[in-house]
Every structure is written in structure tokens, then in C-alpha cells.
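Here the structure is laid out as C-alpha cells; the discussion comes afterwards.
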Amino acid sequence: MTGDQRETKGLGELRVLVVDDHDLFRTGLRNLLEEQGVNVVGEAQDGETAIRIAPDLAPDVVIMDLNMPGAGGVETTRRLASLAPLSRVVVLTISADDDDVMDAVMAGACGYLLKDSTIEEIAAGVRAAAAGRSFVSPQVVHHLLNRLRGSASAYEVPAPEDAKLSVRELEILRLVAEGCDNDEIAERLVLSPRTVKNHVSSILAKLDMDNRVQAAVYAVRQGLA
């Protein structure tokens, strides 16, 4: 199923797996998501369980805790990329300062939310992830990009040598690195949101990257933003 097809589905049609080692939080999150109409098809108390059940459950979205015993959220995200490649991962973490958040970006997670996010924000993150878009807490984006700008060597993000972005794509990539979403980019460049979405998809394909946060990291590391 493509991102465009998932984008047309309601929350109740999307299959969601919740992964968190705290029973009370996991159960509470499941109840709140179901009150929003989200179809929670399973729970896992650790990464190993998630890795075992995800291929059979085939969730559209996996809501992933980072700090778990055994296989943590980053390792689990990375392994799910090959075991359940159609499942999108939304990380739900306690702190924007957690180093694992950056590792999760590089592992391919496409959503990054703090645990103090509202249930409406988490539901929006689920919908965005299912459609192949990134939904990121502003605090997380601000922290990550500031850290990158202050570091000369951390988190190198290589791109293919033949990745040639057009002038318009470079313009959009700079705005992505500023934390702008597609609607904001469209407004600033006087383009339609769909045109921006197509450009972002082209940028990710040329850079061989999974999501716009990885592209933003690349832009900062290359001095483009």
C-alpha cells in the first residue's frame, strides 16, 4: 500500500502496534488511542517481542519507546526496517535531549514525539507516519538541528555521489532544515502543497534517505542550512 493510499484511510482503518516496557503507560496510551478511533492491533513490552510479532500483525504504524531493556527502540526500529518494511515507526520519548532520538532518526523512524504530547498530537503523528510524512515535536527538531550546527563531526549523513538536486530542490531542502512543514514551504515559495510534497519525495529519492529529518540533518552537515 502506498503512502497516498494510506493517507486516504481514516484512523480506524490504520493498524497500530504500541511498543513500551511500562505496562501502565502502554495500556493507558492504547486506551487513549482507541478513544480517538485508532485501531490498535497489538502491544509489545520490549523490542524483541515487537520484532517477533510485527511481521504477522503488519501494522501500518509502530509507536516505539526508546529506552527498553534488551533490544532498545533504536535497534528495534532498524531491524523492523527489514522485517516489516511497510511499517512506519513513530518514536515516543521522554526527553528532547535524549541522544537516542538522533540515533532513531538515522535508523529510519519517521515520527518523533515527546511523551508529554497530547493524544491529538500522537494521533496526528500516526496519520502522518502512515502517509509517509514526518511529524516531529518542535522541541526535538530545534534541539537536534542546534546540536548539529554546534558539532563539526557528529552524525555524518552521506548522500550518493550522483545526487544532483535542482535549484528548487535545494531551496526546499533549506526550508526543510529550518523545520518548515510542506504547508509552510508552499506558502513561502508560493507553491501548492502537493507540488512541495512531490519535490520533497524527489529530494529523498535522490539522497537515498527515508524521511525529511534525515534530509534536514544532511543539509546542516553540508552547510546548506
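Because only heavy atoms are used, hydrogens play no part in the values below, and waters and symmetry mates are left out as well, while side chains stay in.
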### Message
Within the supplied structure, the quantity of interest is the number of heavy atoms (other residues, nucleotides, ligands) at a distance under 6.0 Å from E34 CD; does it exceed 12?
### Response
yes
To the nearest 0.5 Å, tell me how far [X] [atom1] sits from [Y] [atom2].
X	Y	atom1	atom2	answer
D60	L57	CG	CG	11.5 Å
N31	Q36	CG	CD	12.5 Å
I185	E171	CD1	CD	10.0 Å
K206	L204	NZ	CG	11.5 Å
D46	T76	CG	OG1	8.0 Å
R15	L86	CZ	CG	12.5 Å

For residues 77-85, which side-chain N or O atoms pair as donor and acceptor with protein atoms under 3.5 Å away, sequence neighbours left out?
from: T77; atom 1: OG1; to: G73; atom 2: O; distance (Å): 2.7
from: R79; atom 1: NH1; to: E48; atom 2: OE2; distance (Å): 3.3
from: R79; atom 1: NH1; to: E75; atom 2: OE2; distance (Å): 3.2
from: S82; atom 1: OG; to: R79; atom 2: O; distance (Å): 3.0

Minimal non-hydrogen separation, [X] against [Y], with atom names:
X	Y	answer
S87	V62	CB-CG2, 4.2 Å
R26	A44	CD-O, 3.6 Å
A219	L173	CB-CG, 3.8 Å
V91	A104	CG2-CB, 3.8 Å
H199	E169	ND1-CG, 4.1 Å
L207	A215	CD1-CB, 4.4 Å

### Task
Examine distances only and state if a side-chain atom of S201 and a backbone atom of K197 form a donor-acceptor pair shorter than 3.5 Å.
yes
### Query
Can you tell if the side chain of V16 reaches within under 4.5 Å of the side chain of N39, non-hydrogen atoms only?
no
### Query
Hey, does L92 have a side-chain heavy atom less than 4.5 Å from the side chain of L29?
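L29 vs L92: side chains touch.
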#### Entry: Full working for side-chain contact (heavy atoms from CB on, under 4.5 Å) between D65 and V19
CA-CA 6 Å; D65 186 20; V19 185; 5.8 Å; no
### Query
Charged N to carboxylate O under 4.0 angstrom, E178 versus R174?
no
### Task
Check step by step if side-chain contact (heavy atoms from CB on, under 4.5 Å) holds for L170 and I203.
CA-CA 8 Å; L170 286 170; I203 291 167; over 6 Å; no
### Message
Walk me through whether T195 and L189 qualify under side-chain contact (heavy atoms from CB on, under 4.5 Å).
### Response
CA-CA 11 Å; T195 296; L189 299 182; over 6 Å; no
### Query
Between I63 and L33, does a side-chain contact (heavy atoms from CB on, under 4.5 Å) hold up when you go through it step by step?
CA-CA 11 Å; I63 298 178; L33 287 170; 3.6 Å; yes
